[in-house]
Chemist: 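This structure is in structure tokens; I'll ask about it shortly.
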Amino acid sequence: MELLWFILIGLIAGWLASAIVGGGFGLVGDIVVGIVGSFLGGFLFRTLGVSAGGGMLGSIIVATVGAIVLILLLRLVKRA
């Protein structure tokens with residue numbers, strides 16, 4: 001059941017990040033961006049000592065911020 005929540009949060013975060021930054025990666029791409037972004041966002045939030053709160057909303061916020069950073073990094077690498 002936790003895997004289903006993890007995928008759902010990844011989908012929501014990837015979709016939100018794509019909507020905020022622009023462009024989209026499709027359903028599977030948004031899930032992957034959201035899942036990788038959740039790890040990146042968790043690392044960033046822990047490193048900076050910031051907390052987004054607990055629960056599903058906090059997880060979505062952290063994953064979305066991480067996914068936005070990931071998309072921006074991917075665009076930066078793609079240009080180089």
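Sequence positions, counted from 1, serve as the residue numbers for this chain.
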Chemist: Let me have the donor-acceptor pairs involving side chains of residues 35-48, under 3.5 Å, with sequence neighbours excluded, atom names and distances please.
Modeler:
{"residue": "Ser38", "atom": "OG", "partner": "Ile35", "partner atom": "O", "Å": "2.5"}
{"residue": "Arg46", "atom": "NH1", "partner": "Gly42", "partner atom": "O", "Å": "3.4"}
{"residue": "Thr47", "atom": "OG1", "partner": "Phe43", "partner atom": "O", "Å": "2.7"}

Chemist: Show me the donor-acceptor pairs within less than 3.5 Å that the side chains of residues 8-19 make with the rest of the protein, sequence neighbours left out.
Modeler:
{"residue": "Ser18", "atom": "OG", "partner": "Gly14", "partner atom": "O", "Å": "3.0"}
{"residue": "Ser18", "atom": "OG", "partner": "Asp30", "partner atom": "OD1", "Å": "3.0"}

Chemist: Please tabulate, for the side chains in residues 51-74, all donor-acceptor contacts under 3.5 angstrom to protein atoms that are two or more places apart in sequence or on a different chain.
Modeler:
{"residue": "Ser51", "atom": "OG", "partner": "Gly53", "partner atom": "N", "Å": "3.2"}
{"residue": "Ser59", "atom": "OG", "partner": "Gly55", "partner atom": "O", "Å": "3.0"}
{"residue": "Thr64", "atom": "OG1", "partner": "Ile60", "partner atom": "O", "Å": "2.6"}

Chemist: Give the cluster check for Val32 versus Ile20: same hydrophobic cluster or not, with ILVMFWY residues linked at side-chain heavy-atom distances below 4.5 Å.
Modeler: yes

Chemist: By the side-chain hydrogen bond (donor to acceptor under 3.5 Å, both in side chains) test, which pairs, at least two apart or in different chains, include something from residues 1-14?
Modeler: none

Chemist: Ile31, Leu3: one ILVMFWY side-chain cluster at the under-4.5 Å cut-off?
Modeler: yes

Chemist: Which pairs with one or both residues in residues 66-80 pass side-chain hydrogen bond (donor to acceptor under 3.5 Å, both in side chains), sequence neighbours excluded?
Modeler: none

